[in-house]
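Below is one structure; the comments refer to it alone.
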Amino acid sequence: MQKIGVLALQGGYDPHLRMLSGLKVEAYPVKTLAEIDAVQGLILPGGESTTIGKLLVLQGLFSPLIERIKAGLPVFGTCAGLILLSKNALGSSQPLLEVLDVDVQRNAYGRQIESFETQVELLWGTQAQSSAIFIRAPQIVRLGDSVKVLARHEGRPVAIQQGKILAASYHPELTENTALHQLFLSLV
Ligand code: GLN
């Protein structure tokens with residue numbers, strides 16, 4: 001069985017663990033390098049990207065994680081996870097892994113109370129749409145040439161793939177739709 005880790009330093013890792021368990025994989029919360037090295041794929045959940053970034057630095061995980069991802073560890077970032085993977089978060093000097101060739105604008109969909117659930121258009125696979133929850137979500141404002149768009153909302157990219165890196169600006173783990181998680185598992 002595939003072993004998948006969900007980074008559990010801060011934020012919404014539990015719903016990812018629950019969704020993965022429903023997909024018949026072994027899912028673990030991970031906090032240390034040894035735990036990361038024991039899984040075949042890693043999810044970076046939503047939360048506060050500045051806090052998760054600082055904790056990655058404090059725990060000595062920051063550079064090793066970049067190395068693992070560059071060496072081919074499949075990763076899937078949602079919301080704050082997308083921000084952490086990106087090259088650049090406009091106007092912010094927070095630590096970023098910079099492995100995914102996109103720039104993002106944090107909180108571009110408004111504040112917590114402006115969170116919303118909507119349908120996004122899926123551009124791969126057999127489903128045309130998925131429900132999606134946006135919570136203080138980032139917008140992808142620049143896409144590198146090697147980045148493929150997997151989902152769109154109002155014409156903007158909201159889920160993307162670059163090799164074995166997946167990222168979404170919304171929270172699929174808070175819906176019933178497992179399409180992105182299944183796509184991620186197919187990369188592992
Ligand atoms: N706004 C948060 C940040 O900038 C992300 C919100 C989320 O992950 N739901 O890190």
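Counting starts at 1 for both ligands and their atoms, following the listed order. Positions are given from 1, in the same order as the sequence printed here.
Gln94 and Ser49 are linked by a side-chain donor-acceptor pair at a separation below 3.5 angstrom, with hydrogens and angles left out of the test. Side-chain contact of Asn177 with Gln129: a donor-acceptor pair under 3.5 Å is absent, judged by distance alone.
Note on Leu174 and Leu17: separate hydrophobic clusters, where clusters join Ile, Leu, Val, Met, Phe, Trp and Tyr whose side-chain heavy atoms are under 4.5 Å apart, directly or indirectly.
Regarding atom 1 (N) of ligand 1, its nearest protein heavy-atom neighbour is Asn107 OD1, 2.6 Å. Among all non-hydrogen protein atoms, the one lying nearest atom 4 (O) of ligand 1 is Arg106 NE, 2.6 Å. Protein heavy atom in closest approach to atom 7 (C) of ligand 1: Cys79 SG, 2.8 Å. Here the heavy atom of the protein found nearest to atom 5 (C) of ligand 1 is Gly47 O, 3.3 Å.
Atoms of ligand 1 lying under 4.0 Å from at least one heavy atom of Ser49, given by number and element, are 3 (C), 4 (O), 10 (O). Under a 4.0 Å criterion applied to the non-hydrogen atoms of Gly46, ligand 1 contributes the atoms 8 (O). Short contacts between ligand 1 and Ile83, defined as distances under 4.0 Å to a heavy atom of the residue, involve ligand atoms 3 (C), 4 (O), 10 (O). For ligand 1, the atoms sitting less than 4.0 Å from at least one non-hydrogen atom of His171 are 7 (C), 9 (N), numbered in the order shown with element in parentheses.
At a threshold of 4.0 Å, the pair Glu35-Lys3 does not count as salt-bridged, since none of the basic side-chain nitrogens sits closer than that to a carboxylate oxygen. Here Lys70 does not pair with Glu98 in a salt bridge; the nearest charged N to carboxylate O distance is not below 4.0 Å.
Using bins of under 30°, 30° to 60° and over 60° for the plane-to-plane angle, the ring pair His181/Phe76 lands in the perpendicular bin.
No N or O atom of Thr78 sits closer than 3.5 Å to an N or O atom of ligand 1.
The environment of CZ in Arg142 is crowded: more than 12 heavy-atom neighbours from other residues, nucleotides or ligands sit within 6.0 Å.
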